[in-house]
Amino acid sequence: MILLRKVRVFSLFILSHYAVKFCIGGDIITASEYIQDPGSIISSGGLYKLGFFSPNGTTNRYVGIWHNKIPALNVFWVANREKPVLDSSGVMTISNDGNLVILNGKKEVLWSSNVSTSGANAKAHLLDTGNLILQKQSSNMSTNDTTAWESFQTMCDTFIAKMKLSTNLRTNEKKVLTSWKSPSDPSIGSFSISLEPLNIPEVFLWNGTTLYWRSGPWNGKVFIGIPEMESVYLDGFTLVDDKEGYVYLTYNFAEVSYFSYFFVRSNGELLQPFWDEKYKKWRIDWSTQASDCDVYGKCGPFGYCDAKKSPICSCLRGYEPKKVEEWSRGNWSSGCIQKSLLQCARLKNGSTKAGKIDGFVKLENVKVPNYAIWSSPLEDKCQEQCLSNCSCAAYAYDAGVGCMYWSGDLIDVRKFSYAGTTLYVRVAHTELEGKRDLRAIIATAAVVATVIFSIGTFFAWQKSKKRGGKDGEQFSKASSENMLRGSLSKVNLQELVLYKLEELAAATSNFSDANKLGEGGFGAVYRGRLLNGKEIAVKRLSGASGQGLREFINEMEVISKVQHRNLVRLLGCCAEQDEKLLIYEFMPNKGLDAFLFGNIPFLVVFRPSIMEYQFMGKSSF
Ligand SMILES: *[C@@H]1O[C@H](CO)[C@@H](O)[C@H](O)[C@H]1NC(C)=O
Ligand SMILES: *[C@@H]1O[C@H](CO)[C@@H](O)[C@H](O)[C@H]1NC(C)=O
Ligand SMILES: *[C@@H]1O[C@H](CO)[C@@H](O)[C@H](O)[C@H]1NC(C)=O
Ligand SMILES: *[C@@H]1O[C@H](CO)[C@@H](O)[C@H](O)[C@H]1NC(C)=O
Ligand SMILES: *[C@@H]1O[C@H](CO)[C@@H](O)[C@H](O)[C@H]1NC(C)=O
Ligand SMILES: *[C@@H]1O[C@H](CO)[C@@H](O)[C@H](O)[C@H]1NC(C)=O
Ligand SMILES: *[C@@H]1O[C@H](CO)[C@@H](O)[C@H](O)[C@H]1NC(C)=O
Ligand SMILES: *[C@@H]1O[C@H](CO)[C@@H](O)[C@H](O)[C@H]1NC(C)=O
């Protein structure tokens with residue numbers, strides 16, 4: 001036994017000795033193997049490079065990390081942001097106290113990893129994830145080196161895969177992103193991005209101490225205020241909450257060859273560039289400055305923003321501009337006020353008869369207001385709970401969250417053309433009565449339209465019957481297919497396949513639970529196999545989402561633009577019998593599905609009560 005162990009220790013020694021030798025000048029920095037401007041080290045897989053660089057427009061020297069395989073320099077991490085080396089005499093090495101340091105020609109310390117736990121024999125190691133770690137070498141063969149410091153823990157302006165945006169309420173520690181001051185100055189600028197452990201966590205982008213943009217609440221899969229996330233069938237984001245004050249957000253892509261990241265520009269824009277291998281250039285996938293509606297609270301309290309409308313701001317139903325003249329000039333900052341008092345307020349104001357109880361008006365596909373209060377996991381409790389609390393101004397339900405309600409100002413409501421959730425705004429009963437009249441008009445119009453359409457269809461059918469003897473069912477099927485095909489070609493999606501519902505039902509064993517991969521606000525995703533053997537993932541949009549054909553096509557257009565984000569290729573669609581389905585390429589084993597439902601502790605969510613009810617089922621994947 002003893003001999004055996006000795007042999008093992010010996011061979012281990014040889015191995016590590018070789019490994020170290022092999023790595024010298026490769027991916028590590030030690031006291032003797034330092035880097036001197038313009039030197040650099042490269043991670044073992046060749047993906048990332050650490051070295052000296054100058055931003056565009058300055059000769060100052062900084063140490064940064066960038067992607068090594070992609071030609072355009074995109075530094076995502078900078079060590080000495082605040083103190084550049086003013087000439088080319090800079091050195092990055094390990095100091096006597098075991099810290100990673102940057103020295104100038106006069107041996108002045110411009111930057112230090114500044115940790116006390118690292119002793120002698122420390123070494124810095126650039127990993128293939130892009131993380132630079134400082135390891136305290138163990139003098140004991142049977143214990144591993146310990147990581148004393150890592151660059152992923154001191155993020156700059158860029159969020160790359162496997163980084164963690166976190167907040168720890170116990171230690172009051174926040175790992176945030178901070179913008180550069182300007183494109184030529186990496187020092188800390190005025191914009192920052194943090195994960196806020198609100199009742200329901202979300203991401204905030206700050207301009208100093210002013211909220212500038214928000215993601216909307218995390219629903220276990222996506223942020224409710226980012227519809228682009230909802231378009232793809234599964235996303236690589238994970239939010240973990242240990243329920244004791246520590247929350248973090250991280251993401252990963254199933255395929256390492258795909259390279260994309262998030263970064264906050266010095267002008268406050270949060271964007272997601274990705275490397276387009278085909279055209280060999282960076283392209284912007286998503287940005288928080290795509291529309292004026294992205295600015296936090298653009299339309300003031302009780303207003304909502306719709307980028308497709310002109311003007312973009314409107315008051316929520318039951319509300320009117322607080323300052324009409326100001327509002328009409330396009331200064332929406334004062335927002336809107338209630339037209340009629342709610343029941344509680346009527347009682348409070350001394351009215352003896354409170355009249356009828358309040359009701360709710362719906363606003364679909366919205367980014368919900370800021371500062372949601374969580375109330376119940378059960379959908380049928382939402383309305384009741386809102387009505388029973390005088391301070392409740394609106395509520396919403398999301399399958400991933402449960403009931404949310406808001407008291408006080410409803411701020412930063414935004415309407416999207418798809419995704420988002422439905423907001424129910426509380427209004428006095430008098431406001432509802434107006435609605436009923438409108439409903440009657442719409443209903444009448446709908447009846448008239450239906451009659452006209454039926455007559456038209458009947459004659460068309462008669463005609464087609466005379467021509468080709470097709471039966472009626474076939475005719476209507478063919479026409480809806482033609483309509484879909486026509487619409488797809490208009491938005492350049494004609495390469496998509498139109499699948500038949502029966503074909504998809506067969507492929508997924510009739511949408512059986514056994515084939516279900518997951519479920520979100522949009523509906524469920526099933527795994528399936530077509531007759532030709534091809535594996536697919538089928539997203540069955542829930543009927544409740546009330547999507548029309550046009551929204552459906554819009555969504556496909558968006559997906560086809562953003563699908564590279566998650567590397568899930570959209571193959572086609574199906575719209576039959578009130579069913580709307582999207583068909584994606586299935587990610588093979590160890591792909592997205594394994595990654596999402598496999599070994600990573602998936603979705604530990606903010607409240608024990610929510611977690612129990614929503615995510616119980618996931619553990620079986
Ligand atoms: C550097 O700055 C110049 C002038 O501002 C600009 O034309 C050029 O595109 C910039 N280069 C990079 C790599 O950003
Ligand atoms: C180093 O860390 C100590 C405490 O951990 C802190 O007081 C000091 O300001 C830090 N120094 C620098 C240069 O960041
Ligand atoms: C090495 O580590 C092992 C396990 O932690 C411990 O049992 C042993 O005593 C250590 N030996 C020395 C020489 O520190
Ligand atoms: C040392 O590292 C190896 C490989 O990462 C790991 O499997 C092992 O559990 C570690 N041992 C200790 C004592 O942390
Ligand atoms: C950020 O805040 C500063 C100071 O309050 C202001 O001057 C600047 O215009 C703001 N930037 C944006 C993009 O809103
Ligand atoms: C908009 O209105 C607010 C409040 O009345 C005022 O403080 C602000 O200066 C106005 N902004 C502009 C651009 O006129
Ligand atoms: C409250 O009632 C008084 C009369 O009873 C009325 O003048 C006042 O406008 C009411 N307040 C509001 C906010 O409507
Ligand atoms: C009503 O909502 C407010 C604001 O969230 C809360 O403080 C209060 O406890 C609620 N009241 C009831 C009876 O639930």
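In listed order, ligands and their atoms are each counted from 1. Source: prediction; values computed, not measured. When a residue number appears, it is its place in the shown sequence, counting from 1.
- Heavy atoms of K323 come nearer than 4.0 angstrom to ligand 6 in at least one pair.
- For ligand 8, the atoms closer than 4.0 angstrom to any heavy atom of I373 are 5 (O).
- Comparing G408, S388, S407 by heavy-atom distance to atom 4 (C) of ligand 8, the nearest is S407.
- Of the protein's non-hydrogen atoms, the one nearest atom 2 (O) of ligand 6 is N331 ND2, 2.4 Å.
- Within ligand 8, the atoms closer than 4.0 Å to a non-hydrogen atom of S391 are 1 (C), 2 (O), 3 (C), 4 (C), numbered from 1 in the order shown.
- The shortest contact between atom 13 (C) of ligand 8 and any protein heavy atom is with N389 ND2, 4.4 Å.
- Note that the CD atom of E431 and the CD atom of Q338 stand 8.5 Å from one another [nearest 0.5 Å].
- Sulfur atoms SG of C313 and C305 are positioned 2.5 Å or more apart.
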Legend entry - Candidate pair D292 and K298, rule salt bridge (charged side-chain N to carboxylate O under 4.0 Å, His left out), full reasoning: CA-CA 8 Å; D292 285 340; K298 184 79 187 172; 5.0 Å; no
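- In terms of protein heavy atoms, atom 11 (N) of ligand 5 is closest to N207 ND2, 2.9 Å.
- Aromatic ring pairs are classed by plane angle as parallel below 30°, tilted from 30° to 60° and perpendicular above 60°; the pair F159 and F262 is tilted.
- Taking the centre and axis of the six-membered ring of Y248, the NZ or CZ atom of K164 falls inside the cone set by 45° and 6.0 Å.
- Under the 4.0 Å distance rule, the nearest protein heavy atom to atom 9 (O) of ligand 5 falls outside the cut-off.
- Close approach of ligand 6 to S333 (heavy-atom distance below 4.0 Å) involves ligand atoms 1 (C), 2 (O), 3 (C).
- Residue-level proximity to ligand 8 for W406 is absent, since no heavy atom of it falls below 4.0 angstrom.
- Using bins of under 30°, 30° to 60° and over 60° for the plane-to-plane angle, the ring pair Y212/F191 lands in the tilted bin.
- When only interatomic distances are considered, the shortest N/O to N/O separation between E326 and ligand 6 falls below 3.5 Å.
- For K174, the NZ atom counts as densely surrounded, since its 6.0 Å shell holds more than 12 non-hydrogen atoms of other residues, nucleotides or ligands.
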Inset, instruction - I would like to know whether F223 and W218 meet ring pair (Phe, Tyr, Trp, His ring centres under 6.0 Å); could you show each step before the answer? - result: CA-CA 4 Å; F223 290 103; W218 172 258; 4.9 Å; yes
